[in-house]
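In what follows, a single structure is set out as structure tokens and then discussed.
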Amino acid sequence: MLKAYFPNVDWNIMWEATQQTLFMSSISVGITLVLGLILGMLLFLTAQGNLLQNKPIYALVSVFVNVFRSIPFIILIVLLIPFTDFLIGTMIGDAAALPALIIGAAPFYARMVEIALREIDKGVIEASEAMGASTLQIILKVLIPESLPALISGITVTSIAIVGYTAMAGFVGAGGLGNLAYMEGFQRSKDDVTFVATVIVLILVFVIQFIGNSITNKIDKR
Amino acid sequence: MIKISNVSKIFKGKKSEELIAVNQVNLDIKSGEIYGIIGYSGAGKSTLIRMLNGLEQPTGGSVIVADKNLSELKGRTLRKARQEISMIFQHFNILWSRTVAENISLPLEIAGVKKNVRSARVAELIKLVGLDGKENFYPSQLSGGQKQRVGIARALANNPKVLLCDEATSALDPETTDAILDLLVDINQRLNLTIVLITHEMHVVRKICHRVAVMEAGNIVEVGEVLDIFKNPKQPVTKRFVSQVSEDEESKDTTKHLLEKYSSGTLLHLTFVGESAEMPILSKVIRDYSLEVNILQGKIAQTRNGSFGTLYIHLNGTDEEKGKVISFLKENEVGVEVVEHA
Ligand SMILES: Nc1ncnc2c1ncn2[C@@H]1O[C@H](COP(=O)(O)OP(=O)(O)O)[C@@H](O)[C@H]1O
Ligand SMILES: [Mg+2]
């Protein structure tokens with residue numbers, strides 16, 4: 001039955017490509033989450049009038065974030081080839097896509113983290129300072145819990161962007177659905193392969209969005 | 001308990017212009033006292049109270065709270081000191097992400113109190129502030145008054161020596177305000193807690209404070225026992241604050257109206273303080289003097305150390321009798337002011 005509609009699709013290869021996409025995306029999302037949180041937290045804390053107010057650090061992080069957030073992903077991949085070569089030891093394959101994915105996504109998420117933290121009621125932070133909380137206690141007990149819904153919807157949006165980036169990473173030889181769609185589907189004119197790969201990417205995006213929304217709704221008690 | 005000496009706070013603006021938010025302030029607040037600081041918006045009250053827990057560092061002078069010089073503490077020692085100086089806020093500042101019980105538990109977690117001790121203490125505090133049955137509610141499910149009760153319970157968690165209240169009732173309706181004020185008096189008496197309270201409402205001062213300082217443009221312009229301030233306000237600001245409580249908002253209109261109505265005779269504005277407010281002075285006037293007395297309008301207010309009342313009366317009779325009545329009233333410690341025809 002499937003054979004009739006999608007004569008060129010090799011389901012084993014399709015499944016393998018899906019796994020590669022999932023692998024690249026989940027590792028990137030994991031590292032982006034941690035890096036983005038650290039950078040975003042740093043931006044928030046060192047900004048004018050905040051807990052660790054520090055102009056030079058704020059300016060430095062801010063420039064870094066802005067530069068890497070502004071470079072189109074496809075150019076970033078090319079720019080990072082020497083770096084990737086040095087780090088991973090190869091310029092092609094799934095792992096080779098990771099540095100570009102992370103460096104592309106982490107600054108994007110960092111800005112969202114900063115915005116999420118800025119939305120927190122200043123009075124609540126002041127109250128915890130008045131209780132004698134240390135900066136670390138304020139981060140863990142106040143800043144993260146009070147901005148959690150926004151942090152989660154931010155990582156949802158970022159994850160969806162990352163899935164899109166992995167498809168582009170197919171051009172530098174990373175595997176996954178994007179690569180399959182390009183090499184098999186486009187270059188060999190097997191439209192059914194392109195179609196199935198696209199549908200799987202769409203399903204991934206919908207699933208991520210659904211999970212993100214459910215968690216946000218569940219934890220938001222405002 | 002609190003000694004503020006020559007404390008100033010100067011904010012530097014963008015173009016290096018300076019704003020003196022607090023100017024050379026001296027205050028001495030005793031243990032167990034409820035001390036009010038009243039002033040209009042922008043007078044520098046918040047800046048002053050925030051120097052009492054080191055949220056703001058003074059640019060000059062010294063702040064000593066519970067034997068610790070706050071202006072010299074830093075880092076860990078400052079954080080430790082803050083656990084003895086709690087604060088409640090106009091907008092409550094409780095965490096939406098935590099339930100009532102979890103919010104109250106926060107300062108205990110910060111102080112490193114063990115979990116089982118924490119939950120016992122939280123249960124105790126919930127009872128103390130009257131939030132029984134609400135422990136698992138989130139702030140979004142509470143009224144303003146209930147949120148402030150959470151704020152108070154949270155502030156009391158680490159057994160502080162001092163409680164700072166920054167406009168703690170200003171976001172509440174009059175009835176809830178009174179309930180919260182009653183709670184503050186209750187904990188003041190039960191725990192012998194020193195309370196410093198800032199407000200722009202004389203009603204709050206009248207209801208619970210022992211002493212009050214009046215603040216205007218960064219300066220403390222008048223200090224005294226609440227009843228004395230009511231009896232004999234000296235500064236124009238103080239007079240305006242006192243009239244907030246002792247007269248209706250329409251009282252200006254009222255006097256005008258009364259003057260028009262009673263164009264003959266004499267209109268008197270009397271102020272009764274403390275004991276005189278409770279003595280039958282007026283009935284004596286009516287009985288013992290041969291003139292006509294009309295009682296027009298009056299109001300009585302209760303303070304922590306006695307009552308305070310104002311009354312408009314109208315006298316019809318000879319100038320001699322009127323003079324006798326006025327001196328009789330003055331002898332009995334009644335403030336007398338002849339309201340002149342405009
Ligand atoms: N962080 C700050 N920077 C600059 N000016 C401030 C700051 N905080 C307060 N001020 C100024 O100090 C004055 C007193 O403010 P505040 O203490 O909040 O008054 P109040 O609480 O009596 O309304 C105001 O003119 C205010 O604009
Ligand atoms: Mg204020």
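Chain naming here is simple, since letters A, B, ... match the order of the sequence lines and numbering starts at 1 in each.
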Q. So which part of B:Gln90 gets closer than 4.5 Å to some heavy atom of chain A, the side chain, the backbone, both or neither?
A. neither

Q: Kindly compute the distance separating CG (A:Leu148) from CH2 (B:Trp96), expressed to the nearest 0.5 Å.
A: 7.0 Å

Q | NZ/A:Lys122: more than 12 non-hydrogen atoms of other groups inside 6.0 Å | A | yes

Q | Residues in residues 214-222 of chain A near chain B [non-hydrogen atoms, under 4.5 Å] | A | A:Ile219, A:Asp220, A:Lys221, A:Arg222

Q) Does CZ belonging to B:Phe11 count more than 12 external heavy atoms closer than 6.0 Å? A) yes

(Q) Looking only at heavy atoms and a cut-off of under 4.5 Å, which of B:Glu109, B:His91, B:Glu84, B:Arg76 has the most pairs with chain A? (A) B:Glu109

Q) Any chance CZ of A:Phe195 has more than 12 other-residue heavy atoms, nucleotides or ligands included, within less than 6.0 Å? A) no

Q.
Does B:Asp67, at its CG atom, have more than 12 non-hydrogen atoms belonging to other residues, nucleotides or ligands within less than 6.0 Å?
A. no

(Q) Non-hydrogen contacts under 4.5 angstrom with chain B: give the residues of residues 132-147 of chain A involved, or none if there are none. (A) A:Gly132, A:Ala133, A:Ser134, A:Gln137, A:Lys141, A:Val142, A:Pro145, A:Glu146

Q.
List the residues meeting ring pair (Phe, Tyr, Trp, His ring centres under 6.0 Å) with A:Phe210, not counting sequence neighbours, and say none if there are none.
A. none

(Q) Need one label for B:Leu55: side chain, backbone, both or neither, based on atoms under 4.5 Å from any heavy atom in chain A. (A) side chain

Q) In terms of side-chain geometry, is the basic nitrogen of A:Glu129 or B:Arg79 positioned less than 4.0 Å from the acidic oxygen of its partner? A) no

Q: Using non-hydrogen atoms and a 4.5 Å limit, figure out which bit of B:Arg50 sits close to chain A: side chain, backbone, both or neither.
A: side chain

Q: Tabulate, in ascending numerical order, the residues of residues 18-31 of chain A having at least one heavy atom closer than 4.5 Å to a heavy atom of chain B, or enter 'none'.
A: none

Q: Could you pull out the closest heavy-atom pair between B:Asn93 and A:Gly123, with the gap in Å?
A: ND2-O, 3.0 Å

**Q.** B:Ile94 portion near chain A, given a 4.5 angstrom heavy-atom threshold
**A.** backbone

Q: Nearest 0.5 Å please: distance from the CD1 atom of B:Ile85 over to the CE atom of A:Met131.
A: 14.5 Å

Q. What is the distance from atom OG of A:Ser128 to atom CZ of B:Arg82, rounded to the nearest 0.5 Å?
A. 10.0 Å

